[in-house]
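To find a chain, count down the sequence lines: A is the first, B the second, and so on, and within it residues start at 1.
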Protein chains: 2
Amino acid sequence: MARTHPMSNRQILVVEDERPIREMVAFGLRRAGFDVVEAEDTREARARIADRRPDLVLVDWMLPDMSGLELTRALKKDKDMREVPVIMLTARAEEHDKVSGLEGGADDYVTKPFSPRELLARINAVLRRSHAAARDEVVSAGGLTLDSAGHRVMVGEATVPLGPTEYRLLSFFMTHPERVYSRGQLLDRVWGGNVYVEERTVDVHIRRLRKALEGFDCDRFVQTVRGAGYRFSTRVE
Amino acid sequence: MARTHPMSNRQILVVEDERPIREMVAFGLRRAGFDVVEAEDTREARARIADRRPDLVLVDWMLPDMSGLELTRALKKDKDMREVPVIMLTARAEEHDKVSGLEGGADDYVTKPFSPRELLARINAVLRRSHAAARDEVVSAGGLTLDSAGHRVMVGEATVPLGPTEYRLLSFFMTHPERVYSRGQLLDRVWGGNVYVEERTVDVHIRRLRKALEGFDCDRFVQTVRGAGYRFSTRVE
DNA sequence: ACGCAATGTGACGCATCCGTGACGGTTTCC
DNA sequence: GGAAACCGTCACGGATGCGTCACATTGCGT
């Protein structure tokens with residue numbers, strides 16, 4: 001929660017076993033003004049995350065000891081590390097990977113081969129979204145304002161009356177808009193992976209969230225995607 | 001949420017006469033999200049290629065009736081099958097074979113013994129090359145935008161109201177445009193190979209898809225090819 | 001022009017999914 | 001210590017979408 005790095009010196013952890021690629025990526029990022037930490041396997045990565053607290057983790061899908069996917073899953077289950085945004089680096093371009101990568105908890109993915117420009121764009125997008133909270137800034141969408149410092153969501157001058165879980169849910173949605181999440185994914189990322197609760201519980205909290213947003217005419221942003229999950233989108237259907 | 005639908009729309013034909021190996025490979029590929037069709041000789045392989053239209057063929061170098069190399073050569077001579085990428089599976093590691101394998105028209109080769117990871121990497125590399133157009137996160141065609149992360153198709157700022165099946169159907173079409181698919185093929189690839197439904201059901205969903213696209217003046221992209229099946233094409237007839 | 005086959009179209013029953021209100025148990029805050 | 005708030009679960013009912021059928025329409029060959 002405490003701001004540990006100045007804006008111009010954001011720290012990124014690059015997890016990649018192939019040294020040439022890792023160094024090339026690291027070089028590009030340093031050139032772009034980032035502070036880069038490198039790791040070549042997941043064991044090292046976990047250690048660096050624990051002691052350096054990077055602002056973002058860039059992880060290769062294919063790693064020697066454990067796949068990047070599993071690392072991501074593990075991170076998102078750890079309460080201390082759940083907030084760290086993850087971008088998956090993958091050589092695989094199929095839809096399958098996009099889905100499973102995101103199910104594992106990655107905030108975005110970049111397909112190899114990628115241009116430095118594309119990678120930077122993704123990194124900045126994710127940093128802007130997910131770390132706005134950690135920088136005590138606000139995220140706005142469709143009249144809603146997420147004030148993470150104040151742990152509340154506002155519409156104009158009014159505060160939306162939310163319970164803790166509804167706040168976390170809406171907070172997650174607002175930092176991850178325009179994207180469908182299954183009930184299972186939401187349980188992983190909003191509830192935390194280690195607890196077992198019925199998937200239908202998500203429905204109930206969606207209901208409570210909608211009810212809270214109802215008075216502000218914002219409930220339409222929480223959208224049901226039949227057979228898939230839920231999506232937060234300010235674009236009307 | 002045990003979905004029966006293929007996660008990736010990619011279908012792979014495995015041609016291998018030794019059953020244990022074939023089944024192991026097929027298992028690994030299915031696990032990785034691919035839709036797998038098996039064949040144990042070149043005769044069967046040609047039949048499967050003709051009726052299933054796989055995205056990629058994985059063929060053993062040594063086959064009982066005709067060598068995989070000859071199958072590959074034959075495929076590349078056939079106008080209908082020339083576009084299908086081929087990966088050769090060979091027990092021989094000599095440089096000589098690599099060369100002749102590629103000369104025969106294979107897009108890549110993998111030397112036995114191989115790790116599943118290596119095989120997947122090769123497959124994805126080849127798929128990426130041959131389906132370069134289909135690998136972007138958002139696929140656009142004729143004003144339509146497929147937003148796979150958001151599980152929706154948009155026209156400008158508006159969302160096309162699609163049911164789950166219609167979404168999968170249109171999603172498949174947009175990633176496989178300009179090509180005719182029979183009702184049977186569509187059932188395989190969109191519905192998932194293991195379900196039995198009437199072929200006419202496809203017609204009904206085509207109808208529903210067209211109706212949904214009607215308001216956006218995009219229904220003309222879904223074209224009927226009498227006696228053959230359906231095709232998605234942004235080229236006007 | 002005629003007839004057959006293929007495709008378009010509207011309707012219907014059924015299964016599934018999702019919204020919703022209620023309830024018991026636990027935590028939090030006076 | 002009590003009340004209020006909150007959470008997870010359940011059951012019920014409505015809504016949605018699916019697969020099939022029957023009938024209309026189109027297109028093709030003769």
Q.
Applying salt bridge (Lys or Arg N to Asp or Glu O under 4.0 Å), can you list everything that pairs with A/Arg226, at least two apart in sequence or on another chain?
A. none

Q.
Can you tell me how far apart CG (B/Leu209) and OG1 (B/Thr165) are? Round to the nearest 0.5 Å.
A. 11.0 Å

Q) So which heavy atom on B/Ala45 is nearest to which on B/Leu13, and how close? A) O-CD2, 3.8 Å

Q: Name all residues meeting the ring-ring contact (aromatic ring centres under 6.0 Å, His included) criterion together with B/Tyr230; count only those two or more places apart in sequence or in a different chain, and write none if there are none.
A: none

**Q.** Distance, rounded to the nearest Å, where B/Glu166 contributes CD and D/dG19 contributes P
**A.** 10 Å

**Q.** Spacing between B/Glu198 atom CD and D/dA22 atom C1', to the nearest angstrom
**A.** 14 Å

Q) Does the side chain of A/Trp191 get closer than 4.0 angstrom to OP1 or OP2 of D/dC7 through an N or O atom? A) no

(Q) Could you tell me how far apart B/Arg200 (CZ) and C/dT9 (P) are, to the nearest whole angstrom? (A) 12 Å

(Q) Nearest to the A/Lys211 side chain among C/dG21, D/dG19, C/dT7, which nucleotide is it? (A) C/dG21

Q.
Applying salt bridge (Lys or Arg N to Asp or Glu O under 4.0 Å), can you list everything that pairs with B/Arg19, at least two apart in sequence or on another chain?
A. B/Glu23

Q) Would you say C/dA6 has OP1 or OP2 under 4.0 Å from some side-chain N or O of B/Arg183? A) no

Q | Contacts of type salt bridge (Lys or Arg N to Asp or Glu O under 4.0 Å), residue A/Glu166, not counting sequence neighbours | A | none

Q) Excluding sequence neighbours, so at least two apart, what forms side chain to side chain donor-acceptor pair (under 3.5 Å) with B/Arg48? A) B/Asp51

Q.
Counting only heavy atoms and a strict 4.0 angstrom limit, can you tell me which residues of residues 201-209 of chain B come near DNA chain D?
A. B/Thr201, B/Val204, B/His205, B/Arg208

(Q) Between B/Phe172 and B/Tyr181, is the ring-ring contact (aromatic ring centres under 6.0 Å, His included) condition met? List the steps. (A) CA-CA 11 Å; B/Phe172 175 78; B/Tyr181 292 91; 5.0 Å; yes

Q) Between D/dC18 atom C1' and B/Leu187 atom CG, what is the distance in whole Å? A) 13 Å

Q | side chain to side chain donor-acceptor pair (under 3.5 Å) involving A/Arg152 - partner list, sequence neighbours excluded | A | A/Asp147

Q | Side-chain heavy atoms of B/Phe232 within contact of B/Leu144, under 4.5 Å | A | yes

Q | Set of side chain to side chain donor-acceptor pair (under 3.5 Å) partners for B/Glu157, sequence neighbours left out | A | A/Arg235

Q | Contact under 4.0 Å: B/Thr165 side-chain N or O vs D/dC18 OP1/OP2 | A | yes

Q | End-to-end axis angle, where each axis spans five pairs of the helix from C/dA1-D/dT30 to C/dC30-D/dG1, to 10° | A | 40°

Q: Report the C-alpha distance between A/Gln185 and A/Ser182 in whole Å, list the side-chain angles of each, state the deciding distance to 0.1 Å, and finish with yes or no for side-chain hydrogen bond (donor to acceptor under 3.5 Å, both in side chains).
A: CA-CA 5 Å; A/Gln185 290 172 292; A/Ser182 70; 3.3 Å; yes

**Q.** Results of side chain to side chain donor-acceptor pair (under 3.5 Å) for B/Glu178 - residues two or more places apart only
**A.** B/Ser233

Q) Whole Å only: how far is the CG atom of A/Leu162 from the P atom of D/dC7? A) 10 Å

Q) Can you name the one residue among A/Arg183, A/Arg210, A/Arg208 that meets salt bridge (Lys or Arg N to Asp or Glu O under 4.0 Å) with A/Asp203? A) A/Arg183

Between protein and nucleic acid, restricted to nucleotides 25-30 of chain C and to nitrogen or oxygen atoms under 3.5 Å apart, what atom pairs and distances do you find?
none

Q | Interatomic distance, A/Arg168 CZ vs D/dG8 C1' [rounded to whole Å] | A | 13 Å

Q: With heavy atoms under 4.0 Å as the rule, sort A/Tyr230 into base, sugar-phosphate or nothing.
A: sugar-phosphate

Between the protein and nucleotides 26-30 of chain D, which nitrogen or oxygen pairs come in under 3.5 angstrom?
none

